[in-house]
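Heads up: the structure comes next, in structure tokens.
On a predicted model such as this, the values are computed, not experimentally measured, just so you know. Just follow the structure's listing: the first ligand is 1, and inside any ligand the first atom is 1. This chain uses plain numbering: 1 for the first residue, then up along the sequence. What you see below is based on every heavy atom in this structure, not just the backbone, and it leaves out hydrogens, waters and symmetry mates.
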Amino acid sequence: MTNEDGKRRAARAAMRFVEPGMIIGVGTGSTVAHFIDALGERRGDIEAAVSSSEQSTRLLRQRGIEVVDLNATGELALYVDGADECDPQRCLIKGGGAALTREKIIAAASRQFVCIIDPGKRVDVLGRFPLPVEVIPMARSHVARQLVLLGGQPVWRDGVTTDNGNWILDVHNLRITDPPALESAINQIVGVVTVGLFAARRADIVLTGEAD
Ligand code: 5RP
């Protein structure tokens, strides 16, 4: 089975959580693109979606799904999103697609977070994938110095501006043995908008797209 097959299977499996009349929170990325394809097949069945990125908004609209503002919906019943890494406690690294801030907001505003990944993204300890941190542009160097003090090697994702007009630092060489503690520590750095560590609000369910 290729990674792409795993992504497609996980995305299709998430459809079992979709109920008629729902407004669904939708993440970002290539796995979510498969989920949006599947949602499109049931577009008459769901009410609308809340999107985590301009990219997903475009895909949703192309498939005839209405996109609504999170401020107009109240709490969502379901959020479906991918991840870059997932540990056995369902803590995640996210933000490879630079959509981490809106993703974290929708995850926080949802009762159930279903994460869809290919099996290769399961790890025992998070950190092999560089941890994305969204920063206010003028704070980039300051935040980078603080991340070094926390033991990481931040690299500016040059040329990338997020949907919120900010920049991304990818932090290499972290071995994240206590995800909630590191999430909290990075959140404290002035100039950080969001860290792509999803531990305080982690996934409720992880679908890995394996045969069973
Ligand atoms: C975007 C994300 C994605 O969920 C993550 O990068 C996984 O992407 P893909 O499904 O393409 O592997 O966090 O910010």
Side-chain angles (χ1 to χ4, degrees), residues 1-15 17 24-39 49-60 70 76 78-87 90-110 112-123 126-135 155-157 159-172 174 176 179 183 186 192-210:
M1 187 177 70
T2 64
N3 284 354
E4 210 48 39
D5 289 337
K7 290 178 183 196
R8 193 176 303 107
R9 291 175 69 102
R12 294 269 161 187
M15 289 305 291
F17 295 90
I24 298 158
V26 176
T28 298
S30 55
T31 316
V32 165
H34 291 299
F35 178 67
I36 294 174
D37 284 343
L39 268 187
V50 172
S51 171
S52 60
S53 64
E54 302 302 325
Q55 179 191 315
S56 289
T57 297
R58 267 194 305 279
L59 292 177
L60 286 159
L70 183 62
L76 301 177
L78 176 66
Y79 178 52
V80 178
D81 196 359
D84 300 298
E85 274 187 357
C86 175
D87 79 5
R90 288 172 277 102
C91 294
L92 310 172
I93 287 184
K94 290 186 46 54
L100 59 163
T101 297
R102 296 186 190 186
E103 290 172 340
K104 207 175 238 197
I105 292 167
I106 304 177
S110 299
Q112 189 172 43
F113 176 6
V114 174
C115 182
I116 50 177
I117 55 171
D118 64 79
K121 290 175 170 176
R122 293 168 62 173
V123 295
L126 297 173
R128 196 178 56 205
F129 189 93
L131 177 64
V133 180
E134 181 167 350
V135 300
V155 175
W156 180 23
R157 206 184 292 179
V160 172
T161 300
T162 70
D163 287 346
N164 313 305
N166 298 316
W167 290 346
I168 300 281
L169 293 170
D170 291 307
V171 191
H172 295 248
L174 289 172
I176 307 172
E183 181 179 21
I186 295 178
V192 167
V193 177
T194 308
V195 54
L197 199 46
F198 285 53
R201 204 295 176 240
R202 60 190 71 179
D204 298 306
I205 291 171
V206 178
L207 301 172
T208 60
E210 282 150 305

Quiz item: For the atom pair CG (Leu59) and CG (Asp37), what is the distance rounded to the nearest 0.5 Å?
Solution: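 So the CG of Leu59 and the CG of Asp37 are separated by 8.0 Å.
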Quiz prompt | Electrostatic pair Lys121:Glu85 at N-O distance under 4.0 angstrom | solution =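 Glu85 and Lys121: not salt-bridged.
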For [X], the ligand 1 atoms whose distance to one of its heavy atoms is below 4.0 Å:
X: Ala98; answer: 14 (O)
X: Gly29; answer: 11 (O)
X: Thr31; answer: 9 (P), 10 (O)
X: Asp81; answer: 4 (O)
X: Asp84; answer: 5 (C), 6 (O), 7 (C), 13 (O)
X: Gly95; answer: 2 (C), 13 (O), 14 (O)
X: Gly82; answer: 4 (O)

Practice problem: Give the contacting part of Ala83 toward ligand 1: side chain, backbone, both or neither, where contact means a heavy-atom distance below 4.0 Å. | Solution: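 Ala83 to ligand 1: backbone contact only, side chain stays beyond 4.0 Å.
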Self-check item: Structural part of Asp118 in contact with ligand 1, heavy atom criterion under 4.0 angstrom
Solution: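 It is neither; nothing of Asp118 touches ligand 1.
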Quiz item: Is a side-chain N or O of Arg90 found less than 3.5 angstrom from the main chain of Arg202, in a donor-acceptor match?
Solution: no
Which of the listed options, [options], holds the heavy atom that is closest to [atom]?
atom: atom 1 (C) of ligand 1; options: Glu103, Lys104, Lys121, Gln55; answer: Glu103
atom: atom 11 (O) of ligand 1; options: Gly27, Ser30, Gly96; answer: Ser30
atom: atom 3 (C) of ligand 1; options: Thr28, Ile117, Leu100; answer: Thr28

Practice problem: Output all residues satisfying salt bridge (charged side-chain N to carboxylate O under 4.0 Å, His left out) with Arg8, sequence neighbours left out; order by chain, then residue number. | Solution: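 Checked Arg8 against salt bridge (charged side-chain N to carboxylate O under 4.0 Å, His left out); matches are Asp5.
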Quiz prompt | Partners meeting salt bridge (charged side-chain N to carboxylate O under 4.0 Å, His left out) with Asp84 (sequence neighbours left out) | solution =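 Asp84: no salt bridge (charged side-chain N to carboxylate O under 4.0 Å, His left out) contacts found.
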Quiz item: Would Ser56 and Ser51 satisfy side-chain hydrogen bond (donor to acceptor under 3.5 Å, both in side chains), going step by step from the backbone distance to the final call?
Solution: CA-CA 6 Å; Ser56 289; Ser51 171; 4.7 Å; no
Quiz item: Taking atom types as modelled and ignoring hydrogens, do the side chains of Asn166 and Glu134 form a donor-acceptor contact shorter than 3.5 angstrom?
Solution: yes
Quiz prompt | Ala99-ligand 1 polar pair, N/O distance under 3.5 Å | solution =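 Yes: some nitrogen or oxygen of Ala99 is under 3.5 Å from one in ligand 1.
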Exercise. Please examine the side chains of Leu131 and Leu197, heavy atoms only from C-beta on, and report whether any two atoms are closer than 4.5 Å.
Key: yes
Quiz item: Side-chain contact, heavy-atom cut-off 4.5 Å: Thr208 with Val206?
Solution: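 Yes, side chains in contact.
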